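Okay, so here's the structure we're looking at.
Computed from a prediction, not measured in an experiment: that's the story for all the values here.
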Amino acid sequence: MAPPLPSPSMAPPGLIHFAPGLPDTCVLPRPPASAAAAAAAAAAAASMSGPTADTPSAIQICRIMRPDDANVAGNVHGGTILKMIEEAGAIISTRHCNSQDGERCVAALARVERTDFLSPMCIGEVAHVSAEITYTSKHSVEVQVHVMSENILTGNKKLTNKATLWYVPLSLKNVDKVLEVPPVVYSRQEQEEEGRKRYEAQKLERMETKGRNGDIVQPVLNPGVTMKLMDEVAGIVAARHCKTNIVTASVDAINFHDKIRKGCVITISGRMTFTSNKSMEIEVLVDADPVVDNSQKRYRAASAFFTYVSLNQEGKSLPVPQLLPETEDEKKRFEEGKGRYLQMKAKRQGQVEPQP
C-alpha cells in the first residue's frame, strides 16, 4: 500500500504547497529568528497594502541561492531575483484570473515598475518571494512583490527587494485576446482608491514610453528569462566600466514593446548613459530578428534602465569612474539619465518637485 501524501503541515523541507485560503509557502526548518529579523519581516508584511495575506490573493515561494546564481564575489545576480519575482507574479495573477467560471487564460506581464534592490543576497541564503494582488482594473492586475533573504544558520532575515508588476489575462484559445479580470475585495475603500491612482500613473508612464519609442507596450508571456539576460548584459557593461565587484541597485520600468516570436534571434545590447558619484545607469535594449520569416523586419521587443553600484570587499559602495559623453546623442542621454537620477533621489527624500 502506498504511503499517504503529506499534508501541508507535514510537507518535506523545500516543498512548495498550496492550501485553499492560505498563501503558498515553503516549509523550511530554521532556528528562532532574532528580534531584528522578526521586525524586518513584520515591516515587509505591513507594507503589502492589498487584500489580507490569508486569502488566495497572496503567495510565497522560496529557494536556496546556489553558486551558479551569483557572481564571483558571491552576490546573487539581480536577474536571478527578477526571474523569481516574475514567476511569483505570474502564478498569483494567473490563479486569480481563473478564479471564476469562464474562458481559461494565462496572465502575461505587461510592465515592471521600478524595482529596488535594497540589500545584496548571497550564496547559501534562502530567498522568500512574497507576492500579493493589490489592485485590479477591468483588464489588468497589479501585483506587489517583496523579497526577503534568510540566513539559515542564524534565522536572520532582511528585506532585499520590492517590486510592482502589471499583468493582463490572455485567452488560451487566442493569445491576442485580452479577457476581463475578476475584481478583488478590498478591506478598506482607501486601498481601491490608492490602487486606482497607481493604475493611472503607470498608464501615463506607458503613454510617455510609447511617445519616446514610437511603438506600443504589449503583454508578454514567460519574460523571466529575457529579464535575467537583460540584467546580465547590464552587469557586463558596469563591470567593464568599474573593474570591481558590481551589484544591481535598481531597475527602472521594464517595458515590453512586442512579443518575441518563435524563430526569432534576439540581440540584447547595453550602453552606459549616466554616472553619479557612486552609481551607473545602463540602458538595455532587446531587439528581435525574425530570421525565418523574411517578410518581417527586426523590431524592438523590450527596453529598461538598470542602475548598478560598485562595492569593495567589505560590501561598501565605492566611487565609480565618471562617464564622459562625447557626441550630441551621448550628451542628451546623459542629461536624461541625470534627470531620472535626481527625480528618484528626490522621491527617496520625500521631496518630489512637481513636473513642469
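- A salt bridge links D287 with R300; the closest basic N to acidic carboxylate O contact falls under 4.0 Å.
- Residues D69 and R63 are paired through a salt bridge, judged by an N-O separation under 4.0 Å between the basic side chain and the carboxylate.
- Using a 3.5 Å distance cut-off with no hydrogens or angles, the side chains of R114 and S250 do pair a donor with an acceptor.
- Just one of T275, T273, T307 meets the side-chain hydrogen bond (donor to acceptor under 3.5 Å, both in side chains) condition when paired with E281; it is T273.
- Side chains of T244 and S310: a donor-acceptor N/O pair is present below 3.5 angstrom, by distance only.
- With respect to R333 and E335, no salt bridge is recorded, no charged nitrogen being found less than 4.0 Å from a carboxylate O.
- Using a 4.5 Å heavy-atom cutoff, the side chains of C97 and L179 are not in contact.
- When side chains are defined from C-beta on, Y199 counts as touching S140, because their heavy atoms get closer than 4.5 Å.
- Remark: the E180 side chain and the H139 side chain contain no N/O donor-acceptor pair separated by less than 3.5 Å.
- With sequence neighbours excluded, the residues forming a salt bridge (Lys or Arg N to Asp or Glu O under 4.0 Å) with R66 are D68, listed by chain and number.
- Under the side chain to side chain contact (heavy atoms under 4.5 Å, CB included) criterion, K197 pairs with no residue at all, not counting sequence neighbours.
- Not a single donor-acceptor pair under 3.5 Å links the side chain of T136 to the backbone N or O of V181.
- The side chain to side chain contact (heavy atoms under 4.5 Å, CB included) test applied to A88 returns I61, V129, A131, not counting sequence neighbours.
- A salt bridge between R271 and D329 is absent, with no side-chain N of the basic residue lying under 4.0 Å from a carboxylate O of the acidic one.
- Listed by chain and residue number, nothing satisfies the ring-ring contact (aromatic ring centres under 6.0 Å, His included) test with Y299 (two or more places apart in sequence, or in another chain).
- Atom CZ of R111 sits about 10.0 Å away from atom CD1 of I254, to the nearest 0.5 Å.
- Follow the hydrophobic side-chain contacts under 4.5 Å out from F334 and you reach M272 in the same cluster.
- Here N71 pairs with N245 under the side-chain hydrogen bond (donor to acceptor under 3.5 Å, both in side chains) rule; sequence neighbours left out.
- When the shell of 6.0 Å around CD of E190 is examined, it contains more than 12 heavy atoms from other residues, nucleotides or ligands.
- Between R196 and E192 there is a salt bridge, with a side-chain nitrogen of the basic residue lying less than 4.0 Å from a carboxylate oxygen of the acidic one.
- Checked against side chain to side chain contact (heavy atoms under 4.5 Å, CB included), N312 has the following partners two or more places apart in sequence or in another chain: E314, K316, L318.
- D289 places none of its side-chain heavy atoms less than 4.5 Å from the side chain of T267.
- With hydrogens and angles ignored, the 3.5 Å screen pairs a side-chain donor or acceptor of E125 with a backbone N or O of C122.
- Ion pairing of K228 with E232 is present here, as a side-chain N (NZ or NE/NH1/NH2) and a carboxylate O approach within less than 4.0 Å.
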